[in-house]
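Comments concern the structure below.
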Amino acid sequence: MSNEFGFLNKQYSSCASCLDRFCAIALLNNEQVSTLQQNCRELSLHKKEHILLEGSFTSHIVYLRSGLVVEYIKGDNGRDQMVQIIKSFSYLGLNSLFGGRINHYSYKALNDVKVCYIDVETFKNLVRGNGDFAYEILVLISKDNLSSHRRFLSINAKQTYGKVADALLYFGNDIFDSNTFTFPVTRDEFGSLLGITRESTSRALAKFQNEGFIKISGSSITLTNTEQLHKISKTG
DNA sequence: CCATTAATTTAGT
DNA sequence: ACTAAATTAATGG
């Protein structure tokens, strides 16, 4: 690979030896990995930077190598509607792959992230040309679909304190694998994930802290009584 | 029970 | 210092 722009010749770790790569990449043959390599750019982005924008053409599928990302849509009133938090080793924009030519969601970095932009036609060709790989991509889309439906139905069934307790447990168990973590979103965004206001979020967190279920210091939060949080998540 | 409004405090750059 | 974000209290659907 050579071109007239020196900075584009910077050598990145190859897809073949990438330690962060999605497991299904192992199902590609050498030629396919090489094609992927040639149509893929690695980028480091900082917290708050946009990765994809709703409404723009789906020119790329993005692979999230490291960091946290939030998926959201633009709200009518100017308030964005958060859809979900996405962990590393995930693809962004997959659900827009066959949904017309535009991205249906925006994505922004919640902390410093490493991403790979993969040319969308290249990605589609890999899906067409490799059944095992396509199967794994279908699994991803299906899982995302199921978890989204479950999440929205669950939110619908709960009221504020239950929603907040649920989300805290979700962060602790699924996102951070720890009962202590740095809050990745603003109160406003957190509320938006659950369909509640930032004030209700504040009130719920303050209440939980007063009752000793959680401990907040700065942006760091500790779940000290997951038992009670579970109970509230179910009942209230 | 909870959103809205508004006033105040705190954090981030 | 200035702006964005968070908290708190009061009100009303």
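A note on names: the letters A, B, ... follow the listed sequences, proteins ahead of strands, and every chain is numbered from 1. Owing to the predicted nature of the structure, the values given are computational and were not obtained by experimental measurement.
For Lys47(A) and dT13(B), the NZ to C1' distance is 12 Å, given to the nearest whole Å. We find that CZ of Arg203(A) is positioned 12 Å from C1' of dT11(C), with the value rounded to whole Å. What separates CD1 of Ile221(A) from P of dA6(C) is a distance of 12 Å, to the nearest Å. Taking atom CD of Glu199(A) as the reference point, atom P of dT8(B) lies 16 Å away to the nearest angstrom. If you take CG of Asp188(A) and P of dA6(C), they are 7 Å apart, rounded to a whole angstrom. One atom, CZ of Phe183(A), and another, P of dA11(B), lie 16 Å apart when rounded to the nearest Å. Separating the CZ atom of Arg198(A) from the C1' atom of dT8(B) is a distance of 13 Å, rounded to the nearest angstrom. Rounded to an integer number of Å, the gap from Arg187(A) CZ to dT7(C) P is 4 Å.
Side-chain proximity of Ser202(A) to dC2(B), dA5(C), dT8(C): nearest is dT8(C). Closest approach to the Thr197(A) side chain among dT5(B), dA3(B), dA6(C) is made by dA3(B) (side chain taken as heavy atoms from C-beta onward). Checked against dC2(B), dA5(C), dA6(B), the side chain of Tyr161(A) finds its nearest nucleotide in dC2(B). Nearest to the side-chain atoms of Thr160(A) among the listed nucleotides dT4(B), dA6(C), dC2(B) stands dC2(B).
The distance from atom CD of Gln84(A) to atom OH of Tyr107(A), rounded to the nearest 0.5 Å, is 7.5 Å.
His50(A) and Tyr72(A) have tilted rings, their planes meeting at an angle from 30° to 60° on a 0 to 90° scale. Using bins of under 30°, 30° to 60° and over 60° for the plane-to-plane angle, the ring pair Phe213(A)/Phe208(A) lands in the tilted bin.
Atom NZ of Lys234(A) sits in a sparse spot, with 12 or fewer heavy atoms from other residues, nucleotides or ligands closer than 6.0 Å.
Nearest-nucleotide mapping onto DNA chain B: of Ser200(A) and Lys48(A), the residue sitting toward the 5' end is Ser200(A). Heavy-atom distances to DNA chain B give each of Lys158(A) and Ser219(A) a nearest nucleotide, and the one nearer the 5′ end belongs to Lys158(A).
Between the side chains of Thr35(A) and Glu31(A), not a single donor N or O lies within less than 3.5 Å of an accepting N or O.
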